[in-house]
Amino acid sequence: MEASKPNYLLPIISKMYCSSSQVVLVVRQRPQAVGGGGFVVTDCSQKVVFQVDGCGILGKKGELILRDGDGDNILLIRQLKGGLVQALNIYKKWKGYYDYEGLEKSVFSIKEPNKNACFPTNNPVRISIEPKVNGQVKDWNFEIKGHFPDKNCSIVDSMGNIIAQVGVKEEIERVMTRKDLYHVVVQPGIDQAFVFGVIAVLDYIYHESTWC
């Protein structure tokens, strides 16, 4: 499946995480039993670009941290707790917070269909950028196409453009029973930190390396 290539700069977290060319990054999941889980993201030279700490490390269920290659915090990602309201709602909600000048600034929110709701839905996982853009036609900016546990999915914008793709190389798939090593293709101009913030939530939703 060939990705569409949107021609725009999308610095949701920062321009420093956007590249002028397509980038292929490799994700290696940590075993849940080792250090509480999470995953590490490397480039083609095996340099660590991002790392995600799961809730086992943080000691808080429904909370994840995205760090850069040096281990400095980029995003705090938190599942919102709504008690009975959350239980009844057809969506569960997540928010990604960026530490901007010492203040937690919400930069995106994610809605995942709540399978335990009174009226469950098969709608896709959808992502909204915050604050919302004036004149925004839809109440979401991106959605997930495909199935993340199979490592065969894409983050697609509201116009249908693929901004990032998750996949597994055939030679790796043949020798692995678990898809804990996979690659992510990020299109030019797309904020890679945002992409891996979304992937961290998908990892948790499907009870993979960040879940506890």
H183 meets the ring pair (Phe, Tyr, Trp, His ring centres under 6.0 Å) criterion, sequence neighbours left out, with none
Sequence neighbours excluded, the answer for side-chain hydrogen bond (donor to acceptor under 3.5 Å, both in side chains) partners of Q51 is none
Residues at least two apart in sequence or cross-chain that pass salt bridge (Lys or Arg N to Asp or Glu O under 4.0 Å) with K95, listed by chain then number, are E130
Distance-only side-chain donor-acceptor flag, E63 / Q79, under 3.5 Å
no
Check your understanding: Take atom NZ in K15; do more than 12 heavy atoms of anything else shown fall under 6.0 Å from it?
Key -> no
The side chain to side chain contact (heavy atoms under 4.5 Å, CB included) partner of Y17 among I74, I12, V49 is I74
Legend entry - Pair K92 + E112: basic N to acidic O under 4.0 Å: no
- Query: Using a distance-only test with no angle check, is there a side-chain donor-acceptor pair under 3.5 angstrom linking Q165 and N152?
  - Reply: no
Check: Using 4.0 Å as the upper bound for N to carboxylate O, is an ion pair formed by E208 and K151?
Finding: yes
(request) Could you check whether the rings of F148 and Y182 sit parallel, tilted or perpendicular, using 30° and 60° as the cut-offs? (result) perpendicular
- Query: Regarding R67 and the six-membered ring of F50, is the cationic atom NZ or CZ under 6.0 Å from the ring centre and inside 45° of its axis?
  - Reply: no
Q. Under a 4.5 Å side-chain heavy-atom rule over Ile, Leu, Val, Met, Phe, Trp and Tyr, are V52 and V40 clustered together?
A. no
ask   = Parallel, tilted or perpendicular for F194 and F108, by the 30°/60° rule?
value = perpendicular
* Asked: How about S128 and N141: does a side-chain donor come under 3.5 Å of a side-chain acceptor?
  -> no
